[in-house]
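Notes follow once the structure below has been shown.
By convention here, the first residue in the shown sequence is residue 1. Each ligand, and each atom within it, is numbered from 1 in the order the structure gives.
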Amino acid sequence: MAPKNPTKIAVIGSGLMGSALARAFAAAGHEVAVWNRTPSKAKAVGGRTIAFEDLIEAVSGRELVVISLSNYAACFELLSSEGVAPALAGTTLVQLTSGSPADARAGLEWAKERGVDYLDAAILAYPSFVATDYATVFYAGSRSVFDRHLETLQAIAKNSIYVDEKIGSAATLDCAILEAYYGSSLAFLHAAAMCKAEGLDPKTFFSHKDAFLGLISVTADAARGMVESNDFSGDQCSLNTHVAAIEHIVRLSEDARISTRFPKELLDNYKRAIGAGLGHKELPAVFRTLTQD
Ligand code: NAP
């Protein structure tokens, strides 16, 4: 069903993500202009979007301008081209390009100097998830600017979450979630390699994924309270005992002649915490040594 008040939107960037975002806004009944450095890709977006070859024409008179490019350097280069900043005056720029918190701060600075409202956003989804229940977008910046556009933004993700006024907060949360994702993915892939090297079919390991996912979940809940109280004492399992288990993983990897980098890095981190006198504490005590270089 078309919205009562369709929003005039421009989506800059017709890559995999930008195209999916533009189509989702258009499918929700908004009026969507698309622009891409390589014009043929903007034309190929389709789904009732209107492709422009001129960037200034694409963004002029739009309430929302969403940008999704490879990186912030490309965004700054584009936004700084002649005539673009004046054309953005009075619009809200939603930065959906992935970046660091420092990138987000630089983006806000740029927008403030030019009188442009600015939200920094991080999308936690593949393009095929856009507009489905699996898409989450985190937003940082002015709460009132976010509230003003929330209904429109929900076209790309019902799960549109305001994180904080601190402009770097969406990028920080995105980096934190992605680190947990990439780190645990490397861990379970190394685990599968150990199984294969020892002649245990990796599918047996994958069929027990609930065992490690459950442990991670319980540990994350415990860590949350311990980090908050800065008290890592407990009566479940000491770091000393955990380190002995990690040593078995290193030994298996060495014996099986597979990569030992990951388990050795684990061992190094946990041992550092023991070296700092935390051996009798629970596993999340490693947090203390991670916050010091
Ligand atoms: P992509 O398909 O490679 O598209 C990159 C886009 O950036 C293209 O439109 C490209 O234009 C444009 N671009 C690159 N350099 C440029 C420059 N100097 N000037 C102007 N335009 C430039 O990448 P994507 O997957 O859509 O990713 C876009 C953003 O979404 C990234 O920040 C990415 O981290 C984020 N993201 C992606 C996913 C995902 O699953 N794909 C998930 C979460 C977040 P041309 O077509 O002319 O090369």
Residues 234-271 vs ring pair (Phe, Tyr, Trp, His ring centres under 6.0 Å), sequence neighbours excluded, gives none
Please tabulate, for the side chains in residues 124-135, all donor-acceptor contacts under 3.5 angstrom to protein atoms that are two or more places apart in sequence or on a different chain.
{"unit_1": "T132", "atom_1": "OG1", "unit_2": "F129", "atom_2": "O", "d": "2.6"}
{"unit_1": "T132", "atom_1": "OG1", "unit_2": "Y134", "atom_2": "N", "d": "3.1"}
{"unit_1": "D133", "atom_1": "OD1", "unit_2": "K158", "atom_2": "NZ", "d": "3.0"}

Strictly under 6.0 Å, is that where the ring centroids of Y139 and Y162 end up?
no
Does a side-chain N-to-carboxylate-O contact under 4.0 Å join R148 and D117? yes
What does the contact table look like for ligand 1 (nitrogen or oxygen on each side, cut-off under 3.5 Å)?
{"unit_1": "ligand 1", "atom_1": "2 (O)", "unit_2": "L16", "atom_2": "N", "d": "2.9"}
{"unit_1": "ligand 1", "atom_1": "7 (O)", "unit_2": "S70", "atom_2": "N", "d": "3.2"}
{"unit_1": "ligand 1", "atom_1": "7 (O)", "unit_2": "S70", "atom_2": "OG", "d": "3.4"}
{"unit_1": "ligand 1", "atom_1": "9 (O)", "unit_2": "S14", "atom_2": "N", "d": "3.4"}
{"unit_1": "ligand 1", "atom_1": "9 (O)", "unit_2": "G15", "atom_2": "N", "d": "3.3"}
{"unit_1": "ligand 1", "atom_1": "9 (O)", "unit_2": "N36", "atom_2": "OD1", "d": "2.6"}
{"unit_1": "ligand 1", "atom_1": "18 (N)", "unit_2": "R37", "atom_2": "NH1", "d": "3.3"}
{"unit_1": "ligand 1", "atom_1": "26 (O)", "unit_2": "L16", "atom_2": "N", "d": "3.1"}
{"unit_1": "ligand 1", "atom_1": "26 (O)", "unit_2": "M17", "atom_2": "N", "d": "2.7"}
{"unit_1": "ligand 1", "atom_1": "32 (O)", "unit_2": "L69", "atom_2": "O", "d": "3.0"}
{"unit_1": "ligand 1", "atom_1": "32 (O)", "unit_2": "S98", "atom_2": "N", "d": "2.9"}
{"unit_1": "ligand 1", "atom_1": "34 (O)", "unit_2": "S98", "atom_2": "OG", "d": "2.8"}
{"unit_1": "ligand 1", "atom_1": "46 (O)", "unit_2": "N36", "atom_2": "ND2", "d": "2.9"}
{"unit_1": "ligand 1", "atom_1": "46 (O)", "unit_2": "K41", "atom_2": "NZ", "d": "2.7"}
{"unit_1": "ligand 1", "atom_1": "47 (O)", "unit_2": "R37", "atom_2": "NE", "d": "3.1"}
{"unit_1": "ligand 1", "atom_1": "47 (O)", "unit_2": "T38", "atom_2": "N", "d": "3.1"}
{"unit_1": "ligand 1", "atom_1": "47 (O)", "unit_2": "T38", "atom_2": "OG1", "d": "2.5"}
{"unit_1": "ligand 1", "atom_1": "48 (O)", "unit_2": "R37", "atom_2": "NH2", "d": "2.9"}

Less than 3.5 Å apart, which donor and acceptor atoms pair up between the side chains of residues 50-58 and the rest of the protein, not counting sequence neighbours?
{"unit_1": "E53", "atom_1": "OE2", "unit_2": "K43", "atom_2": "NZ", "d": "3.0"}
{"unit_1": "D54", "atom_1": "OD1", "unit_2": "I56", "atom_2": "N", "d": "3.0"}
{"unit_1": "D54", "atom_1": "OD1", "unit_2": "E57", "atom_2": "N", "d": "2.9"}

- Could you go step by step and tell me if S169 and D164 meet the side-chain hydrogen bond (donor to acceptor under 3.5 Å, both in side chains) rule? CA-CA 6 Å; S169 62; D164 197 271; 4.8 Å; no
